[in-house]
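What follows is a single structure, written as structure tokens, with notes after it.
So that the names make sense, note that chain A is the first sequence line, chain B the second, and so on, each numbered from 1. Note that these values count all heavy atoms, side chains included, but never hydrogens, waters or copies made by symmetry.
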Protein chains: 2
Amino acid sequence: MQLSSRFTVAVHTLLVIHVFGKTEKVTSEFIAASVNVNPVVIRRTLQSLKAAGMVGVKAGSGGASIVKDLHDISLLDVYRAAGCVEGELFHFHETPNPDCPVGHNIHAVLDAHLADAQAAMENELKKVTLADLVAELPAKA
Amino acid sequence: MQLSSRFTVAVHTLLVIHVFGKTEKVTSEFIAASVNVNPVVIRRTLQSLKAAGMVGVKAGSGGASIVKDLHDISLLDVYRAAGCVEGELFHFHETPNPDCPVGHNIHAVLDAHLADAQAAMENELKKVTLADLVAELPAKA
DNA sequence: TTTGTTGTAACCTTTTTGATTACAACGTTA
DNA sequence: TAACGTTGTAATCAAAAAGGTTACAACAAA
């Protein structure tokens with residue numbers, strides 16, 4: 001089981017807007033051609049990124065642009081904006097038996113550790129900005 | 001989107017076996033009553049834990065037992081044994097456009113960072129052993 | 001042999017993801 | 001203002017996966 005691709009699609013989307021934004025009108029169809037998904041998926045992604053204050057989208061005339069400094073957008077920001085994980089990363093079985101000492105305390109002993117693990121992952125995503133990714137782009141081309 | 005509950009169910013299962021193993025025959029039905037899932041789900045969990053060398057299960061007569069020191073079983077071990085994530089945690093859209101500079105390089109610029117984030121999470125799980133959890137159990141009861 | 005349990009296949013339901021169609025709303029331009 | 005291309009968004013669909021459930025052969029012990 002893997003997390004939704006919304007996150008990587010969102011990162012890809014932002015990079016396309018950055019790279020082509022100066023020279024082309026970057027429409028949902030244009031981005032979709034690079035990511036290789038349906039344009040509607042990109043439009044939904046753009047709405048999420050817009051709600052997070054990262055991009056502007058021109059209804060009618062068309063075209064997306066980045067409205068925030070790439071140094072100020074971390075992978076964690078994109079991850080959160082994409083909304084592929086709501087709240088807790090780990091999933092608990094519902095209603096463990098409260099009459100059993102283990103079932104009664106399973107959350108008490110596990111929750112904090114799982115939260116730590118999730119925080120460690122998110123903290124790592126926070127270290128990387130889109131500006132870092134852009135810097136790596138040409139070098140690997 | 002959350003990870004499968006297989007992981008937390010597996011932890012719960014191991015704790016039940018530990019707590020009741022001395023005094024009762026811990027069957028899949030017994031564990032299922034604490035976790036509050038179907039006994040077959042527990043049997044499948046037990047097979048995974050058995051394959052990982054953590055438990056022994058008596059076919060026929062019934063009952064599961066732990067066959068490894070709890071100090072030597074980390075949450076990461078259980079996480080891996082439960083198999084709720086195969087390989088990569090993050091999911092990529094398939095076949096990004098290789099003719100686009102972004103599509104062509106998206107893996108090159110993202111893979112390492114995502115692997116770092118996943119490793120940070122797993123590393124945190126590695127720090128906690130089942131013995132730690134057991135130590136926390138009575139204190140919170 | 002009887003009883004209770006495991007091991008496992010098979011099937012079903014539910015949920016979720018992403019694909020897709022459809023279309024009204026919108027901006028630009030001719 | 002009319003035509004055109006694009007966005008915003010709802011609705012629907014198919015595919016995948018998770019967990020639930022039934023079923024039953026294999027097995028161990030009394």
Between the side chains of His113(B) and Gln118(B), is a donor N or O closer than 3.5 angstrom to an acceptor N or O? no
Look at the side chain of Lys25(B) and decide which nucleotide, out of dG7(C), dG4(C), dT7(D), has an atom nearest to it. dG4(C)
Tell me which nucleotide among dA10(D), dG7(C), dT17(C) gets nearest to the side chain of Val40(A). dA10(D)
Expressed in angstrom and rounded to an integer, what is the separation of Gln2(B) atom CD from dG19(D) atom P? 11 Å
Under 4.0 angstrom, heavy atoms only, what part of the nucleic acid is Gly62(A) near: base, sugar-phosphate, or nothing? sugar-phosphate
Establish whether the base of dT8(C) is bridged to the side chain of Arg44(B) by a donor-acceptor pair shorter than 3.5 Å. no
Nearest nucleotide by nearest heavy atom, which residue falls closer to the 5' end of DNA chain C, Gly60(A) or Pro39(A)? Pro39(A)
Nearest heavy atoms of Gly83(A) and Arg6(A), plus distance in Å: O-NH1, 3.6 Å
In terms of the angle between their ring planes, are His12(B) and His93(A) parallel, tilted or perpendicular, with boundaries placed at 30° and 60°? tilted
In whole angstroms, the gap separating P of dA17(D) from NE2 of His91(A) amounts to 18 Å
Nearest listed nucleotide, side chain of Ser5(A), among dG18(C), dG8(D), dA28(D): dG18(C)
Side chain of Ser61(A): nearest nucleotide among dT28(C), dG20(D), dG7(C)? dT28(C)
To the nearest angstrom, how far is Glu29(B) atom CD from dG20(D) atom P? 15 Å
When you measure from the side chain of Lys50(B), which nucleotide among dT17(C), dT21(D), dG7(C) comes out closest? dG7(C)
Between P on dT5(C) and CD1 on Ile42(B), what's the gap in Å once rounded to a whole number? 15 Å
Between P on dG7(C) and CG on Leu46(B), what's the gap in Å once rounded to a whole number? 7 Å
So which nucleotide from dG20(D), dG8(D), dT20(C) ends up closest to the side chain of Val41(A)? dT20(C)
Has Gln47(B) got a side-chain N or O lying under 4.0 Å from the OP1 or OP2 atom of dT8(C)? yes
Would you state whether a donor and an acceptor, one from the side chain of Arg6(A) and one from the base of dT17(C), lie under 3.5 Å apart? no
Quick one: Phe7(B) CZ to dA18(D) P, roughly how many Å, whole number? 16 Å
Indicate whether OP1 or OP2 belonging to dG18(C) is found under 4.0 Å from a side-chain N or O atom of Asn38(A). no
Atom-to-atom span, CD of Glu94(A) to C1' of dG20(D) - whole angstrom: 14 Å
So, does Ser4(A) get its side chain near the phosphate of dG18(C), meaning an N or O under 4.0 Å from OP1 or OP2? yes
Are Met1(B) and Leu114(A) connected into the same hydrophobic cluster when the rule is that any two of I, L, V, M, F, W, Y join if their side-chain heavy atoms are below 4.5 Å apart? no
Presence of Thr27(A) side-chain N/O under 4.0 Å of dT6(D) phosphate oxygens OP1/OP2: no
Got a donor-acceptor contact below 3.5 angstrom from the Gln2(A) side chain to the Phe90(B) backbone? yes
Test item: Lys127(B) side-chain N/O and Leu75(B) main-chain N/O as donor-acceptor pair under 3.5 Å: no
Expressed as a whole number of angstroms, how long is the span from Met1(B):CE to dA17(D):P? 10 Å
